[in-house]
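As structure tokens, the structure follows; a few thoughts come after it.
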Amino acid sequence: MTSRPYPDDLPRHVAVIMDGNGRWAEARGLSRSDGHRAGVDAVRRVVRAADDLGIPWLTLYAFSSENWNRPKAEVDTLMRLPEEYFEQELPEAIERGTRILTIGRRDRLPPHTRATVEDAVARTREGRGMNLVFGLSYGGRGELVEAARRMLRDQEMGRLNPEALDEKTFAAYLDEPEMPDVDLLIRTGGESRVSNFLLWKIAYAEILFSERMWPEFDRAHLEAALGDFRNRERRYGLTSAQVRSGE
Ligand code: IPE
Ligand code: IPE
Ligand code: MG
């Protein structure tokens with residue numbers, strides 16, 4: 001297998017399903033909330049590492065639309081974490097030029113969470129460094145339905161011609177139109193499933209499932225994932241021979 005030179009094969013967009021906080025905590029006799037707090041520390045490490053490595057887009061699945069069905073106490077803890085995270089990390093994010101974005105239903109977040117998130121987005125809007133996207137109250141199907149709703153409204157107003165609709169026009173209706181397709185999708189926590197994450201943008205993503213629980217994930221694991229990515233051949237429906245000859 002040919003190993004191509006770094007950083008040519010650096011993914012433009014890495015997306016992470018940060019799973020395993022609860023099991024990590026339970027295995028240590030800790031509460032699930034302790035697990036989520038340890039998960040925030042992993043977010044700090046991985047965000048720094050991704051920025052140091054020059055990854056332009058990093059999307060982290062922090063809370064799914066299905067996670068609302070968890071016990072209220074756990075949901076309440078999770079909804080406090082953005083405050084804990086941004087209180088400590090926002091100055092460094094601004095310093096690094098990181099642009100913070102979110103995907104998902106901000107309108108469903110409690111007011112204190114929403115205010116924190118919107119403040120972080122507003123204060124990093126001019127950032128020209130890494131784009132750091134948090135999936136908050138995010139679900140892939142919900143995002144597609146919202147996109148369809150916006151399209152129907154535009155059609156009604158005469159701003160969208162159904163015959164002209166193509167994949168590019170469709171993608172412009174998604175939550176964060178500037179976000180490129182996912183190149184590398186990482187899921188920690190040992191499960192091999194997508195759990196309603198970024199359904200449109202993972203169409204041709206390379207997927208890496210890790211047995212490691214999210215609170216244990218660090219810079220070295222991210223680097224190993226990038227190494228694995230580098231050695232994959234992305235064929236997009238072509239034959240291997242076509243890809244190698246650069247046809
Ligand atoms: C991921 O960890 C964090 C969220 C889904 C909010 P989990 O809380 O799902 O941890 P496990 O899967 O129960 O171990
Ligand atoms: C996926 O993890 C959602 C996040 C990491 C935020 P879950 O723990 O909710 O996924 P399932 O329920 O195991 O599929
Ligand atoms: Mg889980």
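Indexing begins at 1, ligand by ligand and atom by atom, following the structure's order. Hydrogens, waters and symmetry mates are skipped; everything else that's a heavy atom, side chains included, is used.
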(message) Quick one about Asp154 and Tyr173 (side-chain donor to acceptor, distance below 3.5 Å, no hydrogens or angles considered), yes or no?
(response) yes

(request) May I have all residue pairs that pass ring pair (Phe, Tyr, Trp, His ring centres under 6.0 Å) and include part of residues 78-107, sequence neighbours excluded? (result) Tyr85-Phe134, Phe86-Phe134

(message) So which atom in Pro56 and which in Arg12 form the shortest heavy-atom distance, rounded to 0.1 Å?
(response) CD-O, 3.4 Å

(message) Would you say that Val47 contacts Leu60 through its side chain, given a criterion of any heavy-atom pair below 4.5 Å between the two side chains?
(response) yes

(request) Check if Met213 has a non-hydrogen atom at a distance under 4.0 Å from any atom of ligand 1. (result) no

(request) Answer with yes or no whether the side chains of Arg187 and Ser195 bring together a donor and an acceptor at under 3.5 Å. (result) yes

(request) Answer yes or no: is there a side-chain heavy-atom contact under 4.5 Å between Arg219 and Val46? (result) no

(message) Can you confirm whether the side chains of Ser210 and His221 place a donor and an acceptor under 3.5 Å from each other?
(response) no

(message) Show me which atoms of ligand 1 lie under 4.0 Å from any heavy atom of Arg32.
(response) 7 (P), 8 (O), 10 (O), 13 (O)

(message) Using a 4.0 Å cut-off on heavy atoms, what residues surround ligand 2? Order them by chain and number.
(response) Ile17, Met18, Asp19, Tyr61, Ala62, Phe63, Ser64, Asn67, Arg70, Arg187, Arg193, Ser195

(message) Using a 4.0 Å cutoff against the non-hydrogen atoms of His36, which atoms of ligand 1 qualify?
(response) 3 (C), 8 (O)

(message) For a quick check under 3.5 Å, do Asn21 and His36 share a side-chain donor-acceptor pair by atom type?
(response) yes

(message) Can you count the protein N/O/S atoms lying under 2.8 Å from the Mg ion (ligand 3), leaving waters out?
(response) 1

(request) Please check if any side-chain donor atom of Ser33 sits under 3.5 Å from a side-chain acceptor atom of Arg37, or the reverse. (result) no

(message) side chain to side chain contact (heavy atoms under 4.5 Å, CB included) for Thr116 and Asp119? Distances and angles first, verdict last.
(response) CA-CA 5 Å; Thr116 302; Asp119 175 62; 5.8 Å; no

(message) Under the salt bridge (charged side-chain N to carboxylate O under 4.0 Å, His left out) definition, can you give me all pairs with a residue in residues 55-66, not counting sequence neighbours?
(response) none

